[in-house]
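Encoded as structure tokens, the structure appears first; notes follow it.
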Amino acid sequence: LNGEYSVITWDVFIPKNVRPKNRILWEGITDMFFDDNDEEYASIFEPCAPEFYQRAYDHYNGHLRNKIFAAWVAHYREKKRAAVEELARIEGARKYYREKLSTRILTLWTEWNAERVERKRAAFNKIQRIDELRLYRRGFAAWQRCAREAIKEKIWFKNLEQRSEE
């Protein structure tokens with residue numbers, strides 16, 4: 001790299017008029033990543049004491065354990081919520097089926113009852129008509145008997161009158 005880009009810093013690709021006046025990042029941090037002077041920062045990467053490694057290992061494993069436990073709890077809650085939701089759906093389906101069945105049964109019973117009432121009314125009308133006809137026949141038969149007797153009486157009186165005239 002030649003010229004302006006020979007030294008790479010954190011703001012090398014930002015135009016000079018847009019660069020912040022107050023640097024937010026500490027220059028040492030950015031220089032550590034972009035500077036070629038590794039000897040200055042070598043002490044940061046020196047091996048640590050074994051207890052620090054153990055603490056880091058325990059922290060990492062504890063963090064993973066917490067994440068796994070949280071995921072397991074979330075899975076358990078989701079499974080439980082899904083089971084409750086499934087039971088609610090099944091109960092809703094049962095209720096819908098019962099209501100549909102009850103409605104159908106009520107409709108069939110109402111139709112059957114209306115038909116039964118109509119048949120009963122028709123039967124009553126037939127029986128009433130038969131009874132009326134029976135009464136009419138009795139009346140007509142009684143009238144016929146009276147008429148026959150009247151005719152017989154008329155003939156008898158005529159005969160009696162003719163005998164008395166003789």
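Note that these values count all heavy atoms, side chains included, but never hydrogens, waters or copies made by symmetry. All residue numbers refer to positions in the sequence shown, counting from 1.
Here the side chains of Lys154 and Lys158 are in contact, with some heavy-atom distance below 4.5 Å. Residues Trp112 and Arg116 are in side-chain contact: their nearest non-hydrogen atoms beyond the backbone lie under 4.5 Å apart.
When the salt bridge (charged side-chain N to carboxylate O under 4.0 Å, His left out) test is applied to Glu111, no partner is found at least two apart in sequence or on another chain. With sequence neighbours left out, Tyr97 forms a side chain to side chain donor-acceptor pair (under 3.5 Å) with no residue at all. Every side chain to side chain donor-acceptor pair (under 3.5 Å) that Asp131 has, sequence neighbours left out, goes to Arg134. Shown here are the salt bridge (charged side-chain N to carboxylate O under 4.0 Å, His left out) partners of Glu99, two or more places apart in sequence or in another chain: there are none. For Glu91, the side chain to side chain contact (heavy atoms under 4.5 Å, CB included) partners are Arg94, Arg98, not counting sequence neighbours. Checked against side chain to side chain contact (heavy atoms under 4.5 Å, CB included), Asp58 has the following partners two or more places apart in sequence or in another chain: Gln54. In this structure Asn17 satisfies the side chain to side chain contact (heavy atoms under 4.5 Å, CB included) test together with Pro15, sequence neighbours excluded. Residues meeting the salt bridge (charged side-chain N to carboxylate O under 4.0 Å, His left out) test with Arg65, sequence neighbours left out: none. Among residues two or more places apart in sequence or in another chain, the side chain to side chain contact (heavy atoms under 4.5 Å, CB included) test is passed with Arg148 by Gln144, Arg145.
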Identify each donor-acceptor pair in which a side-chain atom of residues 121-130 lies under 3.5 Å from a protein atom, sequence neighbours left out, and give them as a table.
residue: Arg121; atom: NH1; partner: Glu118; partner atom: OE1; Å: 2.7
residue: Asn125; atom: ND2; partner: Arg121; partner atom: O; Å: 3.4

Name each donor-acceptor pair under 3.5 Å that joins a side chain in residues 77-85 to protein atoms two or more places apart or in another chain, with its distance.
residue: Glu78; atom: OE1; partner: Arg81; partner atom: NE; Å: 3.3
residue: Glu78; atom: OE1; partner: Arg81; partner atom: NH2; Å: 3.4
residue: Glu78; atom: OE2; partner: Arg81; partner atom: NH2; Å: 2.4
residue: Arg81; atom: NH1; partner: Glu85; partner atom: OE1; Å: 2.7

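Interatomic distance, Ile68 CD1 to His63 NE2, rounded to the nearest 0.5 Å: 10.5 Å. The CG atom of Asn66 lies 11.0 Å from the CG atom of Asn61; values are rounded to the nearest 0.5 Å.
When hydrophobic residues (I, L, V, M, F, W, Y) are linked wherever their side-chain heavy atoms come within less than 4.5 Å, the members clustered with Phe69 are Trp72, Val73.
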